[in-house]
Amino acid sequence: MSATSSPKRLTPPRIRAMKGGTPIVCLTAYTTPMARLLDEHCDLLLVGDSLGMVLYGMESTVAVTLDMMIAHGKAVMRGVARSCVVVDMPFGSYQESKELAYRNAVRILQETGCDAVKLEGGEEMAETIAFLTARGIPVLGHIGLMPQQVHTAGGYRSVGHSDEEVTKIRRDADAVGNSGAFAVVIEGTVETLAREVTMAIPVPTIGIGASVACDGQILVSDDMLGLFNDFTPRFVKRYDELGKKVATSAEAYAGDVRSRVFPADEHTFKRRS
Ligand code: KIV
């Protein structure tokens, strides 16, 4: 049986049912080998549009396309046997109308075989989420700091510090949490508000920079592994320094090649007698 047809895969309703229980473990994955490594430890793998910055060196997620998300979604699906897989809808693929969102979400589900899509937005996206979920498309919401809105927000900064921001996040959480989404990512939001919202809405909150109060946590895998060194947000815990290990290994390989230590006899084919 192929990994993608495994009956053991967690579904969006099962993630939804984890509200208030053991915290939901989520990480990003963009490739088959990484999905294979992370899968057994996670409940949910997100093919995040953060791949634009992490894999492609883009300055933001704004230029990520639907075709890029579908290609990486397919790659991740080849590596999973357990986790629920969610693919991000990229900027411009869903905001214009609920009909456009539906068509593009269908493409993502049909072409990748993933379990659900994620889209950013608060009150203004609740109707779209209701439209999609009523038509068979599971949706993971995303409120708080919304990276696709970097240009209108004027940068990436945590939210929930002013009264206006608190009111907006409360309203966004209420709208998205009751729109049919099976869970909601809350990004870059102060602890008191994340706690309040988590208690108020009927579906799990998945925090990234939103404190331990959330029902689950997500990090960009490359951040927590020390593979993406351009910028490390305050909320990231580094579990390794793989970037440094890659550089050290490349240096050792270069030395071995230049001094003819590599390839050695054991790496060399000899004519069979
Ligand atoms: O794109 C992404 O990786 C995300 C997570 C940071 C939640 O949206």
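Please read all numbers here as calculations on a predicted model, not as lab measurements. Each ligand, and each atom within it, is numbered from 1 in the order the structure gives.
For ligand 1, the atoms lying closer than 4.0 Å to a non-hydrogen atom of Gly48 are 1 (O), 2 (C), 3 (O). Listed by atom number, the atoms of ligand 1 under 4.0 Å from His142 heavy atoms are 8 (O). Atoms of ligand 1 lying under 4.0 Å from any heavy atom of Thr28, numbered from 1 in the order shown and given with element: 3 (O).
When hydrogens are left out, the protein atom nearest atom 2 (C) of ligand 1 is Ser50 OG, 3.3 Å; that is the closest non-hydrogen contact. What sits closest to atom 8 (O) of ligand 1 on the protein, heavy atoms only, is Lys118 NZ, 2.9 Å. The nearest protein atom to atom 7 (C) of ligand 1, hydrogens excluded, is given as Leu46 CD2, 3.9 Å; this is a heavy-atom distance. The protein atom (non-hydrogen) at minimum distance from atom 6 (C) of ligand 1 is Ile208 CD1, 3.5 Å.
Using a 30° and 60° split on the angle between ring planes, Tyr30 and His72 fall in the perpendicular class, above 60°.
Applying the ring pair (Phe, Tyr, Trp, His ring centres under 6.0 Å) test to every pair with at least one member in residues 147-175, sequence neighbours left out, gives no pairs at all. Evaluation of the salt bridge (charged side-chain N to carboxylate O under 4.0 Å, His left out) test over residues 254-264, restricted to residues two or more places apart or in two chains, returns none.
A side-chain contact (heavy atoms from CB on, under 4.5 Å) with Ile108 is found for exactly one of Val86, Ile70, Ile137, Asp88, namely Ile70.
Residues Val54 and Tyr56 share a single hydrophobic cluster, defined by chaining ILVMFWY side chains whose heavy atoms lie under 4.5 Å apart.
Of the heavy atoms in Asp49, both backbone and side-chain atoms come closer than 4.0 Å to ligand 1. Only side-chain heavy atoms of Asp88 come within less than 4.0 Å of ligand 1; its backbone N, CA, C and O stay farther off.
Every heavy atom of Glu120 sits 4.0 Å or more from the atoms of ligand 1.
For Arg271 and Phe269, the positive end is not near the middle of the six-membered ring at less than 6.0 Å and at most 45° from its axis.
Checked by atom type, the side-chain pair Thr232/Arg238 shows a donor-acceptor distance below 3.5 Å.
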